[in-house]
Amino acid sequence: MELAYIPSPSHGVQYLGPIPLRAYAFCIIIGVFVAVWLGNRRWIARGGRAGTVADIAVWAVPFGLVGGRLYHVITDYELYFSAGRDWVDAFKVWEGGLGIWGAIALGALGAWIGARRRGIPMPAYADAVAPGIALAQAIGRWGNWFNQELYGRATDVPWALHITSSADGRVPGYYHPTFLYESLWCVGVALLVIWADRRFTLGHGRAFALYVAAYCVGRFWIEYLRVDDAHHVLGLRLNNWTALVVFLLAVTYIVVSAKKRPGREAVVEPDASADGTTTDGTAGADGTDGESEKAGKGEADGGDAGPAATGSADLTKAEGGAAPVEDDVKTGTETEAKAETESAGGKS
């Protein structure tokens with residue numbers, strides 16, 4: 001008996017009356033919220049508008065779920081279409097089974113559609129959400145823990161995962177907690193991308209490519225530990241080959257992109273400022289409001305019209321100075337008229 005180990009949940013679903021609450025689904029949902037939250041902060045910091053990441057995620061998330069499920073069903077088709085299996089189970093996403101490769105591929109297609117509709121460059125959006133996607137994967141992997149699935153080889157390490165279920169061919173025992181390995185690795189990938197993005201000012205999709213490359217490195221050795229059924233090609237599991245090919249593509253993109261398009265995009269979203277408001281609205285790109293800009297413009301115009309304004313002021317002053325002269329003339333006339341009247345009265 002092992003003295004130290006990671007226990008497994010006895011079940012991964014709770015019931016609220018007739019409604020099943022599945023831990024696997026909750027892990028995915030929480031991961032999506034974290035990805036959108038972090039992506040939104042990074043997008044605003046890049047000069048985008050608040051809410052854009054969530055709007056595009058409305059396209060990306062459903063596409064990603066469909067892509068992840070399709071990849072899993074295609075690569076493990078015998079679980080659903082072999083003798084004694086029910087093909088309807090292929091639609092039961094809540095029971096587990098999402099392939100990250102398909103999720104990223106089809107999710108990227110959904111994001112591209114959403115970004116295109118808003119006139120936003122897809123590489124800039126991908127860079128903003130890359131660390132959030134890694135954190136979403138880190139959280140989502142805990143769904144495998146609740147389902148007691150995708151564990152590694154038998155081991156006696158102190159952090160071994162204790163599998164208690166015997167359903168679907170499982171053998172109770174102590175195994176490498178590959179779900180935990182990948183979860184921690186994904187957290188490290190997220191931190192790496194955030195650091196590298198700040199240190200090297202990554203742009204044009206290179207932050208996303210770094211996330212992909214770093215994830216593939218971890219997935220390769222973690223996949224090597226797993227013991228669940230998988231297709232093998234030349235002695236390696238299919239996902240090992242996928243990780244290797246995708247890693248090479250990501251590294252190639254980083255190198256080629258850095259040469260062809262160095263630096264970072266100056267504008268990631270049309271008519272958006274750093275604080276997420278439009279430049280024709282209440283705030284400008286430098287944080288000043290529209291009224292201040294108008295006031296500044298008015299002051300500038302006033303400064304340009306200085307000579308004319310001075311001339312007008314002199315003219316007004318001259319006209320104001322003429323008024324006492326007119327009053328003096330008027331007063332003199334009235335005095336003379338009064339004197340003449342009194343003289344006439346005396347004569348009469």
Side-chain angles (χ1 to χ4, degrees), residues 1-16 19-32 34 68-69 71-73 75-76 78-80 82 84-86 89 92-101 103 134-191 215-232 236-240 242-243:
M1 177 180 178
E2 297 292 332
L3 297 179
Y5 58 87
I6 300 174
S8 292
S10 57
H11 49 272
V13 57
Q14 299 287 343
Y15 286 89
L16 184 62
I19 303 175
L21 305 177
R22 302 183 184 277
Y24 184 88
F26 275 106
C27 289
I28 294 176
I29 293 172
I30 294 172
V32 169
V34 170
R69 189 59 176 179
Y71 182 89
H72 167 72
V73 172
T75 56
D76 292 304
E78 65 277 358
L79 297 177
Y80 307 100
S82 59
R85 298 285 185 170
D86 187 357
D89 292 341
K92 298 180 179 179
V93 181
W94 54 87
E95 293 184 355
L98 291 174
I100 185 61
W101 313 113
L135 290 180
Q137 290 178 250
I139 297 171
R141 273 304 174 195
W142 286 84
N144 301 134
W145 177 60
F146 281 101
N147 286 352
Q148 295 197 37
E149 61 184 3
L150 305 185
Y151 44 84
R153 302 171 185 173
T155 183
D156 58 358
V157 297
W159 57 87
L161 176 65
H162 186 200
I163 297 297
T164 58
S165 174
S166 57
D168 296 326
R170 297 184 182 90
V171 178
Y174 300 90
Y175 301 89
H176 276 288
T178 50
F179 84 91
L180 179 61
Y181 298 161
E182 185 165 340
S183 179
L184 295 176
W185 184 270
C186 287
V187 172
V189 169
L191 296 176
Y215 172 75
C216 288
V217 172
R219 181 58 184 265
F220 187 90
W221 68 266
I222 293 171
E223 187 74 21
Y224 188 74
L225 291 175
R226 283 170 47 170
V227 293
D228 52 298
D229 293 333
H231 296 284
H232 287 72
L236 289 178
R237 293 165 64 96
L238 177 60
N239 282 333
N240 281 120
T242 305

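One is the number of the first residue; the rest follow in order along the sequence.
Across all non-hydrogen atoms, the minimal contact from Arg69 to Asp89 is NH2-O, 2.9 Å. Closest approach of Gly143 and Glu149 over heavy atoms only: O-OE2, 4.4 Å. Of all heavy-atom pairs between Pro7 and Trp145, the closest is O-NE1, 2.9 Å. Heavy atoms only, all atoms of each residue included: Gly99 and Tyr71 are closest at CA-CD2, 3.8 Å. Taking all atoms of both residues into account, the shortest heavy-atom contact from Gly152 to Tyr175 is O-CD2, 3.2 Å. Minimum interatomic distance between Ser183 and Ala138 (heavy atoms only, all atoms of both residues): OG-O, 2.8 Å.
Ser166 places no side-chain N or O within 3.5 Å of a backbone atom of Pro172 that could act as its donor or acceptor partner. Between the side chain of Arg170 and the main chain of Ala167, a donor-acceptor pair closer than 3.5 Å is present. Under a 3.5 Å cut-off, the side chain of Arg141 and the backbone N or O of Leu180 do not form any donor-acceptor pair.
Shown here are the side-chain hydrogen bond (donor to acceptor under 3.5 Å, both in side chains) partners of Thr164, two or more places apart in sequence or in another chain: Gln148. For His231, the ring-ring contact (aromatic ring centres under 6.0 Å, His included) test picks out Tyr77, with sequence neighbours left out.
To the nearest 0.5 Å, the span separating CG on Asp228 from OG1 on Thr178 amounts to 7.5 Å. Expressed to the nearest 0.5 Å, how far NE2 of His72 lies from CD1 of Ile100 amounts to 14.0 Å. Here the CG-CG distance, from Leu150 to Leu161, works out to 11.0 Å after rounding to the nearest 0.5 Å. Here the straight-line distance linking atom OG of Ser8 with atom CG of Asn144 works out to 11.5 Å at 0.5 Å rounding. Separation of atoms CZ (Arg22) and OH (Tyr15) is listed at 5.5 Å; rounding is to 0.5 Å. Tyr24 OH to Ile28 CD1: the interatomic distance, rounded to the nearest 0.5 Å, is 4.5 Å.
By the 4.5 Å heavy-atom criterion applied to side chains, Tyr151 and His162 are not counted as neighbours. Residues Arg219 and Trp101 form a side-chain contact, since some pair of their non-hydrogen atoms from C-beta on lies under 4.5 Å apart. Side chains of Phe179 and Asn147 form no contact here, defined as non-hydrogen atoms less than 4.5 Å apart.
Ring orientation note: the planes of Tyr181 and His176 are tilted relative to one another, at an angle of 30° to 60°.
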